[in-house]
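First the structure, in the form of structure tokens, and then the observations on it.
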Amino acid sequence: MSIQDLKPIKEGKVREIYDNGDSLIMVATDRISCFDVILDNKVDKKGTVLTQMSRFWFDMTKDILPNHMISVDVKDMPEFFQQERFDGNSMLCRKLTMIPVECIVRGYITGSGWASYQKDGTVCGITLPEGLKESDKLPEPIYTPSTKAEIGDHDENISFEQSVSYLEKRFPGKGQEYAEKLRDYTIALYKKCAEYALGRGIIIADTKFEFGLDEQGNIVLGDEMLTPDSSRFWPADQYEPGHGQPSFDKQFARDWLKANPGNNWVLPQDVVQKTIDKYLQAYEMLTGKPL
């Protein structure tokens, strides 16, 4: 297969997916997206942080359920991927039938959850205790799924009950079972990893997982896991409920875009640098070693 031959079969906002026969190769690029828009910036090393961080968590949680990772070593991939631009940011994965639900879990009240709570005391149809402040820890993590939109569209929050009928339409006879398993796996994964992260100085405020089915119909964890792209990471030593928190994720880039309308979706270089510095710092704190 010549170097020119391979084209991704699917391109997401950040990831490119290549077909490798009975497996897939997922490449995390250095693109950055905010508010569902791909920015005109490259964030050097970002794809490598995302891939290696996912690898770290996949290894840690395989006792809860299997995941799609086969290898992150390009030597296990076709020759095309043994170029420098794929080294470190590529993952060889099992093929799954993806379940079209984003499985979101919130351990703290922030972002759109906080906005919803201020309106009517609920988040995605779940009634929460009165008197919570912004960024408060919730009594128990809550599961707030959303539908998975195509690129350019926004995902739509749904209740657990809606997720049952949404899944039933797509997997007749399995809606209730899949909805319950997705919820239970999501919360179990979050609890284990949030407790670990807190011991390393990072609060995981919320995150999202994606799952698929293998040939036997078993639920398998797919996509990425607990990266700064899919999660809100806060420094535990600066945690102070009552307002928004500093973070290790792309919130930094989002905040700059909000504060500078007319930005044409381009970040200044110092904001790009601060963003990757945050990603690298989070990686090192969580894994205990530099990238």
Side-chain angles (χ1 to χ4, degrees), residues 57-58 60-65 67 99 101-148 155-167 175-211 219 221 223-228 230-249 251 282 285-286:
W57 294 116
F58 283 149
M60 186 191 285
T61 55
K62 40 181 201 274
D63 60 328
I64 296 176
L65 85 162
N67 59 66
I99 299 173
V101 172
E102 299 230 307
C103 296
I104 298 162
V105 54
R106 303 166 192 262
Y108 293 73
I109 187 151
T110 184
S112 62
W114 170 242
S116 166
Y117 175 77
Q118 285 177 291
K119 262 203 229 87
D120 61 9
T122 71
V123 176
C124 300
I126 300 169
T127 303
L128 294 178
E130 284 176 26
L132 292 176
K133 300 192 293 293
E134 183 177 3
S135 308
D136 261 341
K137 186 176 185 186
L138 297 171
E140 271 297 307
I142 57 172
Y143 174 62
T144 60
S146 77
T147 59
K148 186 103 178 71
D155 301 335
E156 189 187 335
N157 291 334
I158 51 176
S159 67
F160 174 75
E161 291 70 32
Q162 285 171 307
S163 80
V164 174
S165 46
Y166 182 76
L167 288 165
Q176 185 75 31
E177 179 197 335
Y178 286 173
E180 287 176 7
K181 281 186 171 162
L182 294 183
R183 175 194 63 198
D184 295 349
Y185 282 142
T186 295
I187 288 176
L189 290 166
Y190 173 77
K191 281 184 165 173
K192 175 170 186 169
C193 298
E195 185 183 347
Y196 168 84
L198 196 53
R200 314 278 325 199
I202 289 182
I203 289 170
I204 303 175
D206 52 35
T207 191
K208 68 176 166 93
F209 301 115
E210 292 192 38
F211 300 89
I219 293 182
L221 182 56
D223 199 54
E224 64 180 319
M225 181 175 185
L226 285 163
T227 69
S230 64
S231 322
R232 278 194 181 87
F233 292 156
W234 296 339
D237 61 355
Q238 296 174 51
Y239 174 59
E240 186 185 70
H243 52 78
Q245 305 298 306
S247 69
F248 287 105
D249 50 44
Q251 196 56 44
M285 285 173 74
L286 288 167

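Start at 1 with the first residue, then count along the sequence. Bear in mind that the values here come from a model prediction, so they are computed numbers and not experimental data.
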In Å, rounded to the nearest 0.5 Å, how long is the span from [atom1] of [X] to [atom2] of [Y]?
X	Y	atom1	atom2	answer
F209	L221	CZ	CG	7.0 Å
N157	S116	CG	OG	8.5 Å
E102	S146	CD	OG	4.5 Å
I64	L189	CD1	CG	4.5 Å
S112	R106	OG	CZ	4.0 Å
Y108	I142	OH	CD1	13.5 Å

Problem - Non-hydrogen side-chain atoms of L286 and W57 separated by less than 4.5 Å - result: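 When only atoms from C-beta onward are counted, W57 and L286 do touch, with a gap below 4.5 Å.
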Problem - Step-by-step side chain to side chain contact (heavy atoms under 4.5 Å, CB included) determination, Y143 to I104 - result: CA-CA 6 Å; Y143 174 62; I104 298 162; over 6 Å; no
Handout entry: Ring-face cation of R183 near F160 (centre distance under 6.0 Å, axis angle within 45°)
Key =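 Judged by the rule, R183 and F160 form a cation-pi pair.
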So, for [X] and [Y], which heavy atoms are closest and what is the spacing to 0.1 Å?
X	Y	result
A197	I204	CB-CD1, 3.7 Å
V101	P145	CG1-CB, 3.8 Å
L128	Y117	CB-CE1, 3.8 Å
P228	F233	N-CE1, 3.8 Å
V123	G113	CG2-O, 3.3 Å

Do the side chain of [X] and the main chain of [Y] share a donor and acceptor less than 3.5 angstrom apart?
X	Y	answer
E210	I99	no
Q245	H243	yes
K191	P141	no

Handout entry: Residue that, paired with D206, satisfies side chain to side chain contact (heavy atoms under 4.5 Å, CB included) out of L138, T110, V105
Key =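 Exactly one pass, corresponding to T110.
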Practice task
Only one of T147, I158, T144 passes side chain to side chain contact (heavy atoms under 4.5 Å, CB included) with S163; say which it is.
Solution key: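 The option that passes is I158.
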Practice task
Kindly write out the residues that satisfy side chain to side chain contact (heavy atoms under 4.5 Å, CB included) with P235, not counting sequence neighbours, or none if the list is empty.
Solution key: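 With neighbours one apart ignored, the set is D237, Q238, P246, F248.
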Problem - Partners passing side chain to side chain donor-acceptor pair (under 3.5 Å) against T207 (at least two apart in sequence or in another chain) - result: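 Only S231 meet the side chain to side chain donor-acceptor pair (under 3.5 Å) criterion with T207.
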Handout entry: K133: side chain to side chain donor-acceptor pair (under 3.5 Å) partners, not counting sequence neighbours
Key =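 K133: no side chain to side chain donor-acceptor pair (under 3.5 Å) contacts found.
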Handout entry: Whether W234 and Y239 hold their rings parallel, tilted or perpendicular, with breakpoints at 30° and 60°
Key =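 Aromatic pair W234/Y239 classed parallel.
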Exercise for the section: Kindly indicate, with the supporting measurements, whether the criterion side chain to side chain contact (heavy atoms under 4.5 Å, CB included) is fulfilled by T61 and M225. Expected result: CA-CA 10 Å; T61 55; M225 181 175 185; 3.6 Å; yes
Handout entry: Full working for side chain to side chain contact (heavy atoms under 4.5 Å, CB included) between T186 and F211
Key = CA-CA 9 Å; T186 295; F211 300 89; 3.5 Å; yes
Handout entry: Full working for side chain to side chain contact (heavy atoms under 4.5 Å, CB included) between L65 and K181
Key = CA-CA 11 Å; L65 85 162; K181 281 186 171 162; over 6 Å; no
